[in-house]
Amino acid sequence: MKVLGINAIYHDPAAALVVDGRVVAAAEEERFSRRKHGKRPLPWSAWELPELSAAWCLAEAGIRPEELDAVAYSFDPALMGTPEESGLFDDGDTMRKRYAEMAPDFLAHALPGLDPAKVRFVKHHVAHAASAGKAAPQRDNAVLVLDGRGEAHSHLAGRYVDGQLEILAGQALPHSLGLMYEDLTDHLGFLRSSDEFKVMAMASYGKPRFLGELSELIRATGDGGFVTETIDFAEFAPRLGKGDQWTEDHADLAASVQTRLEEVLVDLARWVHEQTGEKTLTMAGGTALNCVANTRILAESPFEQVWVQPAAGDAGTALGAALHVAAELGERTEPMPGAALGRGWGDDQIERWLQTAAVDYERPDDVAEAVAEVLADNGIVAWFQGRSEYGPRALGHRSLLAHPGFEANLERMNDVKGREQFRPVAPMVLLERAPEIFSRGPIPSPYMLFVHDVAPEWKDRIPTVTHVDGTARIQTIDAETEPLVHRMIAAFERRTGIPVVVNTSLNTAGRPMVDDPRDALECFGSAPVDLLAIGPFVVRRPVRTPRPE
Ligand SMILES: [Fe+2]
């Protein structure tokens with residue numbers, strides 16, 4: 001069975017392909033179109049499809065559109081109420097519904113040869129749920145979808161038993177933890193449905209002194225759902241425009257909302273544990289990218305394990321919808337093999353890109369050693385290896401790397417990327433060394449979706465990646481699954497005694513992550529980076545970049 005999954009309705013358009021129950025390809029449209037998040041989540045963009053990523057998924061597997069058994073579209077317009085019924089009073093929903101209804105025809109146009117009758121609508125939160133519960137390695141699990149909105153709900157609680165979803169609760173709109181957090185993002189001068197992680201970063205600078213007031217306005221209801229009353233954030237801190245300077249009040253508001261969100265999520269997790277008794281909780285939905293909240297859920301709920309879909313936002317619904325429909329068609333689906341499901345190139349192909357660009361390049365004996373040497377000398381490295389990753393995090397295939405031992409490297413990395421200075425950068429650490437350096441969050445943590453405490457004796461050794469509150473958002477590197485990255489960090493450790501490198505996504509501010517070799521060369525050409533390690537090759541910048549001591 002060949003099932004193509006499509007996410008298109010709001011944002012982060014993406015495509016995924018499941019063949020005979022296995023995920024063989026998944027990619028976000030932004031990596032192809034080079035437009036961050038693919039499109040704005042506006043009603044009049046709801047028709048736009050992930051045409052480039054869908055075509056690539058099919059080409060990658062050598063499948064023609066007419067050979068597909070089904071296309072799974074991660075939204076079901078029949079489940080959508082009127083703007084009044086949802087309580088959101090969003091007139092644009094009428095247009096969204098109409099465009100979603102027409103998606104089969106749009107898809108048949110975008111993928112010539114596809115029979116529009118093969119398009120199936122999948123409830124948005126069932127698609128999110130499948131992206132967690134059917135993609136996780138633990139086949140039986142409890143599942144929480146924590147989202148902004150679907151057709152008529154903002155959340156789902158349920159369980160997967162032998163691959164079958166049982167829905168236990170769903171919070172109806174307009175109550176929505178995700179939309180509430182988006183409103184705050186907008187209030188703080190950031191871009192709604194895009195910059196929520198900046199609010200989480202700002203929260204770590206504040207104190208939750210408005211928690212008392214917010215506890216009334218945002219609360220779990222004891223039946224698996226919750227209430228989010230309309231909040232006038234201006235009562236706590238004045239609205240900010242884009243780029244305005246924020247004050248202690250703003251940081252305290254962010255900290256208060258963040259803390260209240262964590263408390264409610266822990267309540268929701270406890271409820272779904274009570275109902276299911278499962279050992280593992282799986283999660284998806286944009287709110288599940290909140291790694292501070294994820295760590296609290298793991299620490300304070302009775303679940304032994306928490307697995308979060310790395311593409312927890314709407315992009316992941318392409319994968320989830322495809323897995324769900326494959327199961328409907330009788331397939332026994334397999335967990336996802338990892339996040340590296342996007343485009344990759346052979347050595348010969350990469351070398352041709354380098355020859356086309358007419359740059360001097362070398363093929364060192366071991367690219368891992370060549371990179372470690374530059375990093376140990378406090379250079380910055382652009383690292384492009386293997387297939388690109390699905391989801392918003394750089395996980396060692398498209399990364400900017402640096403030495404974690406210099407406090408000034410945080411500012412330096414943010415300058416290289418041209419982005420705000422309060423943004424943290426994250427460590428990659430050898431899996432076997434992680435427990436002595438990091439605690440509280442789960443180990444292994446392969447997808448960088450939790451925060452950990454940095455051991456006191458390590459804080460001064462890795463200041464670049466130790467956040468102001470003493471935490472770090474780590475990615476553990478397993479020699480089995482990521483042998484090249486593991487070898488590179490081990491080579492860095494031999495030179496410096498530190499089994500950690502700084503990892504941030506390979507892009508500059510406002511641009512999608514680098515995906516193909518040309519993107520990598522363009523990024524390297526325009527940013528003060530010392531070395532581009534691309535496949536087995538390296539390109540060196542002839543001028544040494546300025547280095548902090
Ligand atoms: Fe969603």
Side-chain angles (χ1 to χ4, degrees), residues 5-16 26 28-30 37-43 45-46 48-50 72-77 79-81 86 88 90 92-93 96-97 99-100 103 121-135 143-158 165 167 169-183 185 191-197 226 228 261 265 268 282-290 293-294 308-324 390-392 449:
I6 295 285
N7 171 56
I9 191 75
Y10 295 114
H11 47 169
D12 298 322
E28 293 184 50
E29 188 72 0
E30 64 161 25
H37 296 298
K39 60 181 177 182
R40 292 297 297 144
L42 299 166
S45 71
E48 285 182 42
L49 295 169
Y73 182 89
S74 63
F75 190 84
D76 185 347
L79 302 175
M80 205 175 175
S86 74
L88 294 173
D90 180 353
D93 275 355
R96 278 201 183 92
K97 183 178 168 83
Y99 281 157
F121 294 117
V122 178
K123 183 177 172 169
H124 187 68
H125 290 153
V126 168
H128 269 308
S131 80
K134 290 182 78 65
V143 62
L144 272 181
V145 175
L146 305 162
D147 204 19
R149 59 169 301 187
E151 297 86 354
H153 294 81
S154 71
H155 138 279
L156 177 152
L165 174 64
I167 298 176
Q171 178 56 53
L173 294 169
H175 302 283
S176 169
L177 294 165
L179 293 182
M180 181 272 298
Y181 212 86
E182 286 187 14
D183 287 345
T185 304
L191 185 61
R192 175 192 289 278
S193 323
S194 170
D195 289 350
E196 280 65 31
F197 60 98
F226 51 85
T228 52
L261 173 76
L265 294 183
L268 298 179
T282 64
M283 298 200 294
T287 307
L289 291 170
N290 192 307
N294 293 348
V308 183
Q309 161 59 240
D314 274 3
T317 64
L319 177 76
L323 286 170
H324 179 77
Y390 192 45
L449 287 161

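All residue numbers refer to positions in the sequence shown, counting from 1. Both counts, for ligands and for their atoms, begin at 1 and track the order of listing.
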Step-by-step side-chain hydrogen bond (donor to acceptor under 3.5 Å, both in side chains) determination, H153 to D147
CA-CA 9 Å; H153 294 81; D147 204 19; over 6 Å; no
Please examine the side chains of F226 and L177, heavy atoms only from C-beta on, and report whether any two atoms are closer than 4.5 Å.
yes
Please confirm whether the backbone N or O of L323 pairs with a side-chain atom of K134, one donor and one acceptor, at under 3.5 Å?
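Checked: no pair found.
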Any sub-3.5 Å donor-acceptor pair from K123's side-chain atoms to E151's backbone N or O?
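No: the side chain of K123 does not pair with the backbone of E151.
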Is the distance from the Fe ion (ligand 1) to some N, O or S atom of H125 under 2.8 Å?
no
Quick one: the OD1 of D314, the Fe ion (ligand 1), OD1 of D147 angle, rounded to 10°, please.
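The OD1/OD1 angle about the Fe ion (ligand 1) sits at 120°.
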Of the N, O or S atoms in H124, the one nearest the Fe ion (ligand 1):
NE2
